[in-house]
Amino acid sequence: MQRSEQERIRRESLATMRALGIEPYPAASFPVSHRSLSLSTSFQNELDVTMAGRIMSRRIMGKASFVELQDSEGSFQLYLNRDELCPGEDKTLYNDVFKKLLDRGDFIGISGVTFTTQTGEQSVKVKSMTVLSKSLKPLPAVKVDEDGKVHDAFSDPELRYRMRYVDLVVNPSVKATFEARSKVIKTIRSSFDQAGWLEVDTPVLQAIPGGAAARPFTTHHNALDIPLYLRIANELYLKRLIVGGFEGVYEFSRNFRNEGMDRTHNPEFTVMELYVAYKDYHWMMETTERLLADICTAVHGQSKATLQGVKIDFTPPYRRVTMREAILEHTGIDIHGKSEDELRTECTRIGIETDDSMGKGKLIDEIFGERCEAHFIQPTFIMDYPVEMSPLTKVHRDDDAYTERFELMINGTEIANAYSELNDPDDQRKRFEDQLKLSERGDDEAMFIDQDFLRALEYGMPPTSGIGIGIDRLVMMLTNQTSIQEVLLFPQMRPEVFDAGPDLNALRTWGVPDTWIQHVVDAGFSSAEALNELTPAGLRERLNGYRKKNKLDIPALTLEEVETWYATIA
RNA sequence: GACCUCUUAGCUCAGUUGGUUAGAGCAUCUCACUUUUAAUGAGAGGGUCCUGGGUUCGAGUCCCAGAGGGGUCACCA
């Protein structure tokens with residue numbers, strides 16, 4: 001790939017620095033005494049500081065300059081005065097290194113003294129400066145005016161996701177999103193640790209992809225010569241640990257599902273799953289609403305958040321609605337006691353398409369998903385799902401047509417899914433077998449039977465409540481994002497195709513001098529075909545013209561030299 | 001998987017009915033400037049108009065195919 005003019009100039013600056021005896025990529029650590037935000041909040045004049053960061057802008061006014069230095073916390077203004085930076089006769093560091101050889105994007109370390117400028121800006125008067133790393137590619141030139149309006153924003157989603165490192169440098173809100181994500185996870189972890197529950201790791205590679213109904217990614221283990229699947233859920237493993245005697249276990253589980261991608265689905269995503277013994281789903285609802293209020297407070301400083309202009313109030317308690325009530329409320333249909341055929345008729349009546357592979361549970365799920373889900377904007381627990389659609393859930397204590405299950409809906413989206421866990425091994429086996437029948441009817445999402453899990457239940461699992469919380473979607477809600485890609489640092493994308501680039505060794509074998517190789521490529525003569533379009537004399541003329549134009553400090557080419565290249569190729 | 005839509009300078013974008021040498025702002029380079037802050041003033045350079053075909057005297061613009069992105073739907077507890 002041909003380098004842009006800006007890249008060529010930066011590489012020349014790099015070489016010039018080395019010629020001046022300045023290593024652009026020094027090995028030594030650079031200890032820092034202050035960072036931008038903390039220095040600014042406890043600012044005082046005449047403070048000795050040492051800082052490091054990236055040059056984000058330079059305003060050069062002859063013998064004095066201002067630099068915006070960006071570090072991990074934010075940015076801070078530096079003031080460089082030629083005679084303060086270079087008190088002696090030699091002004092190279094200011095005149096050449098700073099003004100000519102450094103660019104926007106370069107990392108520098110500085111020492112100096114704090115002061116306030118005439119316009120009242122907190123600044124550091126730089127006394128010494130060290131080059132820490134040279135940036136060879138120009139950063140997008142995002143500018144923010146005095147009204148906070150962003151100009152020339154780096155906004156192309158493809159480029160932003162593919163080069164998240166650039167996105168993070170120039171778009172501060174992106175960094176804030178991922179800091180919020182970290183706060184969400186930290187809050188959950190510290191809350192659970194405080195409760196005495198154990199954070200565990202369970203297998204990602206599984207022989208039976210259980211615990212959910214989804215199409216798995218398949219791989220192969222060579223030594224065992226067996227297929228393995230990337231986990232679609234970790235539920236069955238965490239329950240085995242409850243059998244093993246832990247009272248509470250949780251895991252931040254990266255799950256993988258080989259399904260479609262869109263605004264709310266990425267092939268790999270994170271679910272936090274928690275299982276606690278001797279509890280039921282009522283307890284879990286109370287635990288969940290308290291946890292979410294804490295998380296929201298950690299991110300926003302209050303238990304309310306705004307999502308697409310709508311205020312979401314995470315303050316407990318949340319509304320609790322049974323699935324039967326929810327469907328009755330929004331469609332007028334009472335699903336209670338209805339047969340599969342009756343439900344199918346109702347679906348057709350209200351315009352929901354059905355097919356023969358759909359069982360009772362699936363039909364009810366369709367009605368809820370199509371007609372009810374979107375109405376639950378404020379946090380709401382939808383409780384008591386029909387037994388057919390919840391094969392891992394204990395039947396309801398009062399009515400065996402339902403299960404003790406809830407989903408937490410926020411802004412019309414499912415955020416969490418929880419049960420009083422099914423711990424009756426015989427019932428569990430029967431439910432798995434019902435799933436198998438569904439799968440024979442053509443429902444390709446029905447679950448596999450995990451015999452070892454059934455054996456674990458036969459050893460006895462205490463009454464347990466469990467929950468899975470979709471971390472990515474939760475972060476979306478708390479950061480006011482509508483796309484999952486905005487809350488994943490590196491969302492899945494089609495792989496980028498890179499040009500292999502010209503073969504520099506080939507040029508070397510033609511006899512092109514090392515000093516010329518890059519320039520011959522840059523000038524567009526990286527292949528024998530390109531050369532053969534010109535005579536040796538013509539090529540020499542073009543390359544020497546290129547040398548002159550770019551003021552290259554290398555010997556001009558002689559006709560004899562260029563002729564030998566052609567001789568080698570032929 | 002289907003449909004819609006986008007791809008022009010490092011970034012953000014104009015580009016008329018198909019018509020001269022493809023433009024702007026920022027960024028870059030040169031010069032000036034010792035408290036600026038979207039610094040300023042003067043000047044300059046920078047392009048595989050996503051790729052490949054086609055129509056045409058002539059294509060950034062029209063047609064076909066492809067690549068990549070975005071959106072909607074389908075799929076996805």
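Chain A is the first sequence line, chain B the second, and so forth, proteins listed ahead of strands; every chain is numbered from 1.
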**Student:** Can you measure A/L136 atom CG to B/rG10 atom C1' for me and round it to whole angstrom units?
**Tutor:** 14 Å

**Student:** Return the set of residues passing side-chain contact (heavy atoms from CB on, under 4.5 Å) with A/D365 (not counting sequence neighbours), or none when no residue passes.
**Tutor:**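 A/D365: side-chain contact (heavy atoms from CB on, under 4.5 Å) contacts with A/M389.
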
**Student:** With heavy atoms under 4.0 Å as the rule, sort A/R160 into base, sugar-phosphate or nothing.
**Tutor:**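 The residue A/R160 makes no contact with any strand.
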
**Student:** Which residues pass the side-chain contact (heavy atoms from CB on, under 4.5 Å) test with A/T41, sequence neighbours left out?
**Tutor:** none

**Student:** Is a donor-acceptor pair below 3.5 Å formed from side chain A/Q6 to base B/rA27, judging by atom type as modelled?
**Tutor:**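 Present.
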
**Student:** Rounding to a whole Å, what distance do you find between A/R494:CZ and B/rG1:P?
**Tutor:**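 Rounded to whole Å, this separation is 8 Å.
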
**Student:** Between P on B/rA77 and CD1 on A/I415, what's the gap in Å once rounded to a whole number?
**Tutor:** 17 Å

**Student:** Pick out which of A/K125, A/K63, A/K91 makes a salt bridge (Lys or Arg N to Asp or Glu O under 4.0 Å) with A/D83.
**Tutor:** A/K91

**Student:** ring-ring contact (aromatic ring centres under 6.0 Å, His included) with A/Y281: which residues, sequence neighbours excluded?
**Tutor:** none

**Student:** Out of B/rC11, B/rG68, B/rG10, which has the shortest distance to the side chain of A/P140?
**Tutor:** B/rC11

**Student:** What pairs with A/F66 under ring-ring contact (aromatic ring centres under 6.0 Å, His included), at least two apart in sequence or on another chain?
**Tutor:**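 For A/F66 the ring-ring contact (aromatic ring centres under 6.0 Å, His included) partners, ignoring immediate neighbours, are A/Y79.
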
**Student:** Determine whether a donor-acceptor pair (one donor, one acceptor, N or O, separation below 3.5 Å) exists between the side chain of A/E5 and the base of B/rG45.
**Tutor:**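 A donor-acceptor contact between them is present.
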
**Student:** What is the nucleic acid contact for A/D103, judged by heavy atoms within less than 4.0 Å: base, sugar-phosphate only, or nothing?
**Tutor:** sugar-phosphate

**Student:** By side-chain contact (heavy atoms from CB on, under 4.5 Å), which residues pair with A/E121, not counting sequence neighbours?
**Tutor:**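 Only A/Q77, A/T117, A/T119, A/S123 meet the side-chain contact (heavy atoms from CB on, under 4.5 Å) criterion with A/E121.
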
**Student:** Can you name the residues that form a side chain to side chain donor-acceptor pair (under 3.5 Å) with A/K175, not counting sequence neighbours?
**Tutor:**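 With sequence neighbours excluded, A/K175 shows a side chain to side chain donor-acceptor pair (under 3.5 Å) to no residue whatsoever.
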
**Student:** Base, backbone or nothing for each nucleotide of nucleotides 32-39 of chain B, written B, S, -, heavy atoms under 4.0 angstrom, 5' to 3'?
**Tutor:** -BBBBBBB

**Student:** Without decimals, in angstroms, what is the distance between A/E370 CD and B/rC73 P?
**Tutor:**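 It is 11 Å, rounded to the nearest whole Å.
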
**Student:** Which string of ( ) [ ] | and . matches RNA chain B, if you list each base 5' to 3' and count Watson-Crick or G-U pairs only when both distances are under 3.5 Å?
**Tutor:** (((((((..((((.....[...)))).(((((.......))))).....(((((..]....))))))))))))....

**Student:** Sequence neighbours left out, what passes ring-ring contact (aromatic ring centres under 6.0 Å, His included) with A/F76? Give chain and number order.
**Tutor:** none

**Student:** If the condition is side-chain contact (heavy atoms from CB on, under 4.5 Å), which residues does A/N266 pass it with, not counting sequence neighbours?
**Tutor:**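 Applying side-chain contact (heavy atoms from CB on, under 4.5 Å) to A/N266 gives A/E268, A/I484, A/L488, A/P491, A/Q492.
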
**Student:** Give me the residues of residues 480-493 of chain A where at least one heavy atom lies under 4.0 Å from an atom of RNA chain B, by number, or none.
**Tutor:**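 Under 4.0 Å from RNA chain B: A/Q485, A/M493.
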
**Student:** What residues form a ring-ring contact (aromatic ring centres under 6.0 Å, His included) with A/F368, not counting sequence neighbours?
**Tutor:** none

**Student:** Quick one: are A/I55 and A/D103 in side-chain contact, heavy atoms under 4.5 Å?
**Tutor:**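 They are not in side-chain contact.
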
**Student:** Closest nucleotide of RNA chain B for A/R257 versus for A/D156: which of these residues is on the 5' side?
**Tutor:** A/D156

